[in-house]
Q: 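I have a structure I would like to understand better, so I am pasting it below and will then ask my questions one at a time.
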Amino acid sequence: MAYNTLHMNLKLAPALSIQKSSINGRGCFATVYFARRRKIAEYTGERIPDREAQRRAHRAKLRICDVDGVWSIDGSRGGNGTHYINHSCEPNAYVRTIYGHIVFFALRDIYPGEEITVDYEQTLHPDSKCCYCGAASCCGRINKVAGV
């Protein structure tokens, strides 16, 4: 089921759609083929200081990405749908920060209809936040905890 982006008041990044996810709520899905290492999209939204990001971290659905330890981007405000990219312990994409921009790239070939996933590694979520990715190697929680 694809979600009506007009109803969501959202301008999606090209080649992406928002659909129901088996991982968590809604997810971000490819509508075209992305070759390995190809750019998928940039994470967009409201640029906020990290102090404001910490204040907003209490939300049930957290859509904030750290840029550089000083600034963060809240994808739920003015984002392009990339804030629906879910965590997976076996992701098909990765994230790089390039000159202050957060960019998603294909870790492997991604085909139309596949949900785009990344390993969040460290987030503002509590370390107890459960992971529901369903991967064979799922570690059971979203954040990687030192020494685990």
Side-chain angles (χ1 to χ4, degrees), residues 1-3 8 10 12-13 15-77 79-148:
M1 168 185 187
Y3 287 87
M8 293 169 55
L10 179 70
L12 285 176
L16 300 178
S17 70
I18 306 305
Q19 301 176 34
K20 182 169 177 39
S21 169
S22 62
I23 296 172
N24 183 26
R26 295 177 184 155
C28 190
F29 291 76
T31 61
V32 300
Y33 169 77
F34 289 103
R36 180 176 179 243
R37 295 189 178 134
R38 179 176 168 210
K39 177 183 171 182
I40 296 170
E42 180 178 349
Y43 190 88
T44 63
E46 179 186 11
R47 187 177 174 89
I48 57 174
D50 280 351
R51 176 173 264 195
E52 177 62 13
Q54 290 290 338
R55 190 185 72 73
R56 295 181 188 182
H58 69 279
R59 296 179 187 162
K61 295 286 186 181
L62 192 57
R63 309 288 189 193
I64 298 173
C65 257
D66 179 60
V67 175
D68 59 10
V70 177
W71 294 96
S72 292
I73 296 175
D74 185 344
S76 67
R77 298 187 181 184
N80 62 356
T82 54
H83 58 285
Y84 285 108
I85 293 177
N86 281 314
H87 164 82
S88 176
C89 296
E90 291 179 10
N92 57 12
Y94 63 97
V95 181
R96 290 290 177 262
T97 302
I98 304 168
Y99 300 110
H101 298 268
I102 299 168
V103 183
F104 295 96
F105 293 91
L107 185 60
R108 60 164 176 77
D109 292 348
I110 299 172
Y111 295 90
E114 266 191 88
E115 181 171 4
I116 308 229
T117 59
V118 297
D119 185 344
Y120 288 175
E121 296 179 14
Q122 274 305 122
T123 71
L124 293 171
H125 290 293
D127 290 341
S128 61
K129 178 89 172 164
C130 291
C131 175
Y132 301 105
C133 72
S137 64
C138 181
C139 62
R141 60 181 171 248
I142 291 191
N143 288 337
K144 292 207 184 319
V145 180
V148 175

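In this text, all values refer to a predicted model and were calculated from it rather than measured experimentally.
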Q: Can you tell if the side chain of I110 reaches within under 4.5 Å of the side chain of I40, non-hydrogen atoms only?
A: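 Contact flag for I110/I40 side chains = yes.
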Q: Which residues pass the salt bridge (charged side-chain N to carboxylate O under 4.0 Å, His left out) test with R63, sequence neighbours left out?
A: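 By the salt bridge (charged side-chain N to carboxylate O under 4.0 Å, His left out) rule, R63 matches no residue at all.
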Q: In the structure I gave you, are the side-chain heavy atoms of H87 and C131 within less than 4.5 Å of one another anywhere?
A: yes
Q: Look up atom CG in L107 and atom CZ in R37, then write down how far apart they are to the nearest 0.5 Å.
A: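 The CG atom of L107 sits 9.5 Å away from the CZ atom of R37.
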Q: Applying side-chain hydrogen bond (donor to acceptor under 3.5 Å, both in side chains), can you list everything that pairs with D50, at least two apart in sequence or on another chain?
A: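 S72.
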Q: Do S17 and Q19 meet the criterion of a side-chain donor-acceptor pair at a distance under 3.5 Å?
A: yes
Q: Under the side-chain hydrogen bond (donor to acceptor under 3.5 Å, both in side chains) test, which residues partner S22, sequence neighbours left out?
A: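 Counting only residues at least two positions away or on another chain, S22 forms no side-chain hydrogen bond (donor to acceptor under 3.5 Å, both in side chains).
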Q: Output all residues satisfying salt bridge (charged side-chain N to carboxylate O under 4.0 Å, His left out) with R108, sequence neighbours left out; order by chain, then residue number.
A: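 By the salt bridge (charged side-chain N to carboxylate O under 4.0 Å, His left out) rule, R108 matches E114.
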Q: Only counting residues at least two apart or in another chain, list the ones meeting salt bridge (charged side-chain N to carboxylate O under 4.0 Å, His left out) with E46.
A: R56, R77
Q: If the condition is side-chain hydrogen bond (donor to acceptor under 3.5 Å, both in side chains), which residues does T82 pass it with, not counting sequence neighbours?
A: N80
Q: Which atom pair, heavy atoms only, marks the closest approach of I116 to A93?
A: CG2-CB, 3.9 Å
Q: Applying side-chain contact (heavy atoms from CB on, under 4.5 Å) to T97 and D68, what does each step give before you reach the verdict?
A: CA-CA 8 Å; T97 302; D68 59 10; 5.8 Å; no
Q: Residues in salt bridge (charged side-chain N to carboxylate O under 4.0 Å, His left out) with R55, at least two apart?
A: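 For R55, the residues satisfying salt bridge (charged side-chain N to carboxylate O under 4.0 Å, His left out) (neighbours in sequence not counted) are E52.
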Q: Only counting residues at least two apart or in another chain, list the ones meeting side-chain hydrogen bond (donor to acceptor under 3.5 Å, both in side chains) with S21.
A: N86, E115
Q: Write out all pairs satisfying ring-ring contact (aromatic ring centres under 6.0 Å, His included) with one or both partners inside residues 95-116, taking only residues at least two apart or from two chains.
A: Y33-Y111, Y94-F105
